[in-house]
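Report on the structure given below.
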Protein chains: 2
Amino acid sequence: MSHSTYQRLIHSATKMFAQKGFYGTSIRDIADQLDISKQALLHHFSTKEKLYGEVLKQIAQQVMDRVNHNEQYDSATLQIEAAFERMAQWGLEDLDGARVLMRELLDNPERAPHAINWYLNPLLEAMVAIIKKGQSQGEFKQVAALAFIYNVLGAQHYFMISLPTLKQMLSAKEYKNILKQQSIELKAMMLDRLLVH
Amino acid sequence: MSHSTYQRLIHSATKMFAQKGFYGTSIRDIADQLDISKQALLHHFSTKEKLYGEVLKQIAQQVMDRVNHNEQYDSATLQIEAAFERMAQWGLEDLDGARVLMRELLDNPERAPHAINWYLNPLLEAMVAIIKKGQSQGEFKQVAALAFIYNVLGAQHYFMISLPTLKQMLSAKEYKNILKQQSIELKAMMLDRLLVH
DNA sequence: TACTTTACTTACCGATCGGTAAGTTTGAAT
DNA sequence: ATTCAAACTTACCGATCGGTAAGTAAAGTA
């Protein structure tokens, strides 16, 4: 057995919370997926909320890891491109995480306990910092940095959670096309708006 | 009493589904909000699924209404700007609807019955048509139309559902700023990418 | 006035929920 | 060999879920 039960529970829970949300997922379902009893789960996580909290924590950690190994270029253009690639990559590698975060964004105002943290904040701030640096260097136009980045991040996040629906909505060929084109298109949109011509 | 119980139930249900999702909302809660019994609700909608289906139907109708009164300009630029304004306006006037649709997008692959319809499709197709027209007139660059519009729509939809969280995350001043800047910024991003310079 | 339909109510149901209580098995340390 | 804690199990619980059954009050309609 390569992973601890603890980690396997978090993995199973992440998948199910992504698919059906907090209320739509029962701890029985999560435990059943690993062929252990519900009480085995409750041994590791005393409440459903605590399990959910750990799931969020690990997703946030994965986002942070990507933000942190931040290559330092002199060129703000290269730097924002690199940051964009990391963001796009995150989505493709952690689709479940992206879905859980989107659900958390929807629930945030209602379910109090986690309300204070917005989990993509580090990513947002890192990219805003790059924009502002590029602007002070005269490399970028004077866009409204936060609104600008929020739109870019939003478009990417939205696309990620759309993938399963797009897959069944479009033909195989169309799906393949949009999968290839979306990040290219978003990057171009970002740079066309940002760069002084 | 200005509205029928039927309509008041749909309104109440829309709000609660927006806030807590399908599984997180009980039909008791919805009925309680109008001070009627749960069975009064079940008199109008025989199952929870049917109520939810009607909620979706009315939201889709509101989107369609906006798409349809489509002013015809000769200029594709004016036309895409008008379409963009309508889209942005929709979000501000029907925040609950936007939240329900985002949840539906997340649940879509799991909960079968509504899986076939993607409710923003008409909006998407109308805007794609404008882009292609503008391209054939030489007014727009040769962007990948569907991917392009999907990003714009995604950014807008994402921003809309973020508003409650942003409100409690940012200071009152910052919130006011981003509220003003976001749609301006997104529109600029769209046009900078689209227009031949 | 009698009849029917609409819009409800109270009472009840089995299923499932998250969580408690009380063992049992296992593996490492003394 | 004994102890002890960690990792489970079975049994059970009250609360809440969506939905059924059966009645009632009011409002058209003949």
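What's counted below: heavy atoms across the whole structure, side chains too, no hydrogens, waters or symmetry copies. Naming: A, B, ... by sequence-line order, numbering from 1 per chain.
Summarising the geometry, the separation between CG on L51(A) and P on dG19(C) is reported as 10 Å, rounded to the nearest angstrom. Taking atom NE2 of H43(B) as the reference point, atom P of dT9(C) lies 11 Å away to the nearest angstrom. Atom pair R8(B):CZ and dA7(C):P shows a separation of 14 Å (rounding to whole Å applied). Atom CE in M16(A) sits about 10 Å away from atom P in dC17(C), given to the nearest Å. Residue K38(B) contributes atom NZ, which lies 13 Å from atom P of dT16(D) at whole-angstrom precision. Here the C1' atom of nucleotide dC17(C) and the OH atom of Y52(A) are 18 Å apart, to the nearest Å. Nucleotide dT6(C) holds its P atom 18 Å from the CG atom of L41(B), rounded to whole Å. Distance K48(A) NZ to dA15(D) P: 19 Å, rounded to the nearest Å.
If you check every strand for non-hydrogen atoms under 4.0 Å, L42(A) touches a base. Within the 4.0 angstrom heavy-atom criterion, only backbone atoms of the sugar-phosphate kind lie near S26(B); the bases stay farther away.
Mapping H44(A) and Q39(A) onto DNA chain D by nearest heavy atom places H44(A) at the nucleotide closer to the 5' end. Comparing T47(A) and S37(B) by the nucleotide of DNA chain C whose heavy atom lies nearest to each, the residue mapping closer to the 5' end is S37(B).
Classified by interplanar angle (parallel below 30°, tilted 30° to 60°, perpendicular above 60°), the ring pair F159(A)/Y150(B) is perpendicular. The aromatic rings of W118(B) and Y158(A) sit tilted relative to each other, their planes meeting at an angle between 30° and 60°.
Listed pair T5(B) / dC8(C) meets the phosphate criterion, a side-chain N or O lying under 4.0 Å from OP1 or OP2.
Checking Q89(B) against E93(B) by side-chain atom types alone, a donor-acceptor pair falls below 3.5 Å.
Using a 4.0 Å cut-off between a side-chain N of Lys or Arg and a carboxylate O of Asp or Glu, K141(B) and D192(A) qualify as a salt bridge.
Side chain of I27(A), nearest nucleotide from dG19(D), dT9(C), dG18(C): dG18(C).
Residue K48(B) places its NZ atom among more than 12 non-hydrogen atoms of other residues, nucleotides or ligands, all under 6.0 Å distant.
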